[in-house]
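Quick caveat: nothing in here was measured; it's all calculated off a predicted structure.
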Number of protein chains: 2
Amino acid sequence: MTDSNPNIFKTVVPERRGTTSAEVVIQLRGMIHRGELRPGDRLPPERDLAKLLGVSRPTLRAGIRSLAAVGVLQSRQGAGTFVVESDGPPSLDSSPLSLMASLHGCTSGEMFEARRALEMAVAGLAAERAKGEQMATMAEEIAGMYASLEDPEQFLIHDVRFHQAVAAASGNRILTALMNMVAKVLFDIRIKTVNRATDLKESAEMHRRIYRAIREHNPEAAREMMQDHLIRAQRGWELEDESDLPSTSSDNDANDNGASRTL
Amino acid sequence: MTDSNPNIFKTVVPERRGTTSAEVVIQLRGMIHRGELRPGDRLPPERDLAKLLGVSRPTLRAGIRSLAAVGVLQSRQGAGTFVVESDGPPSLDSSPLSLMASLHGCTSGEMFEARRALEMAVAGLAAERAKGEQMATMAEEIAGMYASLEDPEQFLIHDVRFHQAVAAASGNRILTALMNMVAKVLFDIRIKTVNRATDLKESAEMHRRIYRAIREHNPEAAREMMQDHLIRAQRGWELEDESDLPSTSSDNDANDNGASRTL
DNA sequence: ATCACGAAATGGTCAGACCTTCTATAAGAA
DNA sequence: TTCTTATAGAAGGTCTGACCATTTCGTGAT
């Protein structure tokens with residue numbers, strides 16, 4: 001029985017700062033921050049919880065939905081509502097970032113640059129702190145890359161896992177989550193293009209150079225290798241589709257990046 | 001009349017991949033990505049939009065609420081539902097990050113480190129790209145700091161605005177948004193503690209050093225100055241409350257940061 | 001012409017019902 | 001006895017309809 005103790009929820013709506021559903025969100029969020037709701041916990045059924053909190057079921061559902069939208073709760077029809085289980089690295093939903101980029105007309109160049117900044121920071125930290133087991137994981141993924149030089153799809157899997165291994169070795173879950181969020185947005189764009197096989201062998205060797213820098217606990221080198229790798233990856237991606245841009249856009253003067261495709 | 005053309009919404013639910021409300025989210029999100037919904041636009045009334053999309057009003061409301069939770073839409077009772085207007089820098093809601101940190105037991109040290117990485121990256125870019133007007137804004141905020149050495153509250157305002165000015169000068173709105181998100185989480189924690197006046201004069205001078213490095217287009221120096229500044233700020237914050245930690249926690253071995261207070 | 005009032009518009013909440021999906025328990029077969 | 005299958009309950013998803021709270025804007029009085 002993983003259900004939380006129902007008496008925790010006795011805190012009915014005391015005052016109304018804003019709307020009632022906003023109050024529900026505040027209540028639930030507070031329970032999580034206070035540790036009364038832990039990952040994997042199942043919330044009481046909506047009908048019961050609504051009574052406990054003193055609100056109607058639609059209002060409670062509105063609050064639950066708000067927290068589900070940001071990836072904190074997860075409702076499964078017929079099963080219940082759960083606090084999201086965190087197996088693996090912590091993660092943030094990428095859709096808010098993606099939507100924000102669309103609303104502001106951000107360019108893919110800015111997104112690439114953000115990823116570069118995060119990955120460089122993470123690589124530097126990993127070079128300072130990586131433990132033996134984490135080193136081994138990275139090395140294994142690189143071996144997997146070399147073994148998949150003829151299979152771009154498989155290569156990509158090892159590529160992604162290597163970067164996650166580096167992030168894990170950094171020991172900073174906040175940066176890891178941010179990095180994955182940005183990477184996910186770029187991945188969702190990239191997946192639309194045909195996966196034209198770029199030079200996988202060169203890519204594998206760049207990854208190996210990153211690994212060696214981390215292995216030798218050389219943060220500066222790790223950052224530099226990571227930067228080289230990502231700049232080259234970006235360039236390769238930009239060359240893949242030069243058929244969409246009708247003319248050179250010139251409304252944004254703050255970026256000297258190559259790609260100015262609006263997201 | 002800022003209402004969007006209603007015929008855009010004629011795209012009723014064609015197929016059901018998941019739940020109906022999820023389909024609504026997909027529809028609305030697609031309109032934003034495609035630029036059919038622009039910042040500041042008002043959506044049709046819920047009752048009308050529900051008919052247009054072929055769903056009931058509660059279902060539509062569920063979808064709207066999901067997008068409102070991630071800061072894309074905003075509903076005002078009596079007025080309508082609007083696509084969030086983006087005056088000023090693009091921003092992301094910080095509560096998902098805050099909740100994620102709580103769920104995973106992340107430490108404030110990790111959060112500080114993430115901020116440091118982002119601010120350093122931003123400072124480096126600002127040093128490469130800052131234009132004259134942006135330089136002027138930074139300089140003004142520094143002047144404001146020196147003018148508020150006796151008024152910690154006012155000083156803090158200029159402090160925050162200086163960092164935002166640097167971010168704006170970086171020309172990367174993605175990094176700016178991420179930086180602000182992390183900074184907001186830290187600010188919400190810090191606001192709970194008494195704002196014991198640390199050495200404001202020294203702080204102002206560190207900001208001035210950051211500014212000078214940016215002014216001279218010296219990215220390395222800008223990064224280094226920013227790092228110094230933030231490390232010192234973190235240290236000062238940690239010294240402010242040493243009365244809460246009962247004993248030295250030792251369950252997380254991946255961080256050699258000072259503060260290991262769980263968020 | 002200006003200001004105050006009120007009606008219409010619009011999102012927020014509630015109630016109750018029904019459907020869809022999942023889970024767990026119990027019955028039946030190997 | 002053990003494994004498989006069927007069934008009933010539980011839980012979230014959706015719908016209809018109504019009413020409340022707030023905002024907006026037009027109309028009327030001053």
Side-chain angles (χ1 to χ4, degrees), chain A residues 1-4 6 9 12-28 37 40-85, chain B residues 1-4 6 9 12-28 37 40-85:
Chain A
M1 139 128 179
T2 62
D3 284 27
S4 311
F9 299 95
V12 292
V13 203
E15 51 175 316
R16 297 191 152 193
R17 289 185 277 244
T19 64
T20 310
S21 62
E23 185 67 23
V24 171
V25 173
I26 292 173
Q27 296 282 331
L28 294 175
L37 286 178
D41 280 358
R42 192 182 77 173
L43 272 62
E46 293 183 350
R47 293 163 178 84
D48 300 353
L49 185 50
K51 275 199 176 64
L52 286 171
L53 294 177
V55 300
S56 69
R57 195 177 157 217
T59 302
L60 171 66
R61 278 179 61 77
I64 289 177
R65 181 157 283 276
S66 287
L67 291 172
V70 299
V72 173
L73 297 181
Q74 185 180 12
S75 292
R76 292 203 303 269
Q77 189 174 180
T81 301
F82 302 83
V83 180
V84 143
E85 191 89 57
Chain B
M1 143 122 175
T2 61
D3 283 28
S4 310
F9 299 95
V12 293
V13 204
E15 53 175 314
R16 298 191 151 193
R17 290 184 278 244
T19 64
T20 310
S21 62
E23 185 67 23
V24 171
V25 173
I26 292 173
Q27 296 283 332
L28 293 175
L37 286 179
D41 279 359
R42 192 182 77 173
L43 271 62
E46 292 183 349
R47 292 162 178 86
D48 300 353
L49 185 50
K51 276 200 173 65
L52 287 171
L53 293 177
V55 300
S56 70
R57 196 178 156 215
T59 302
L60 171 66
R61 278 180 61 77
I64 289 177
R65 180 156 282 275
S66 287
L67 291 172
V70 300
V72 174
L73 296 181
Q74 184 179 13
S75 292
R76 292 203 304 269
Q77 188 173 182
T81 301
F82 301 83
V83 179
V84 144
E85 191 89 57

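- Counting only residues at least two apart or in different chains, salt bridge (Lys or Arg N to Asp or Glu O under 4.0 Å) contacts with residues 61-75 of chain B comprise E46(B)-R61(B).
- A donor-acceptor contact under 3.5 angstrom links the side chains of T81(A) and S75(A), judged on distance only.
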Between N or O atoms, less than 3.5 Å apart, protein on one side and nucleotides 21-24 of chain C on the other: list the pairs.
{"unit_1": "dC22(C)", "atom_1": "O4'", "unit_2": "Q77(A)", "atom_2": "O", "d": "3.4"}

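- Set against dT13(C), dG11(C), dG12(D), the side chain of E46(A) has dG12(D) as its closest nucleotide.
- The shortest distance between the side-chain N/O atoms of T19(A) and the OP1/OP2 oxygens of dG11(C) is not below 4.0 Å.
- With contacts defined as side-chain heavy-atom distances shorter than 4.5 Å, the pair V72(A)/V84(A) does not qualify.
- Per the geometry, CG belonging to L53(A) stands 15 Å off C1' belonging to dT13(C), to the nearest Å.
- Between S56(A) and R47(B), the one whose closest nucleotide on DNA chain C sits nearer the 5' end is R47(B).
- Residue K51(A) contributes atom NZ, which lies 13 Å from atom P of dA11(D) at whole-angstrom precision.
- The CG-C1' distance, from D48(A) to dA11(D), rounds to 10 Å in whole Å.
- A donor N or O paired with an acceptor N or O is not found under 3.5 Å between the base of dG17(D) and the side-chain atoms of R57(B).
- Listed pair T81(A) / dG12(D) meets the phosphate criterion, a side-chain N or O lying under 4.0 Å from OP1 or OP2.
- Against DNA chain D, the stretch residues 58-68 of chain B makes heavy-atom approaches under 4.0 Å through P58(B), T59(B).
- Nearest heavy atom pair, residue L60(B) against residue A50(B), reads CD2-N, 3.5 Å.
- If you take CG of L49(B) and P of dA9(C), they are 18 Å apart, rounded to a whole angstrom.
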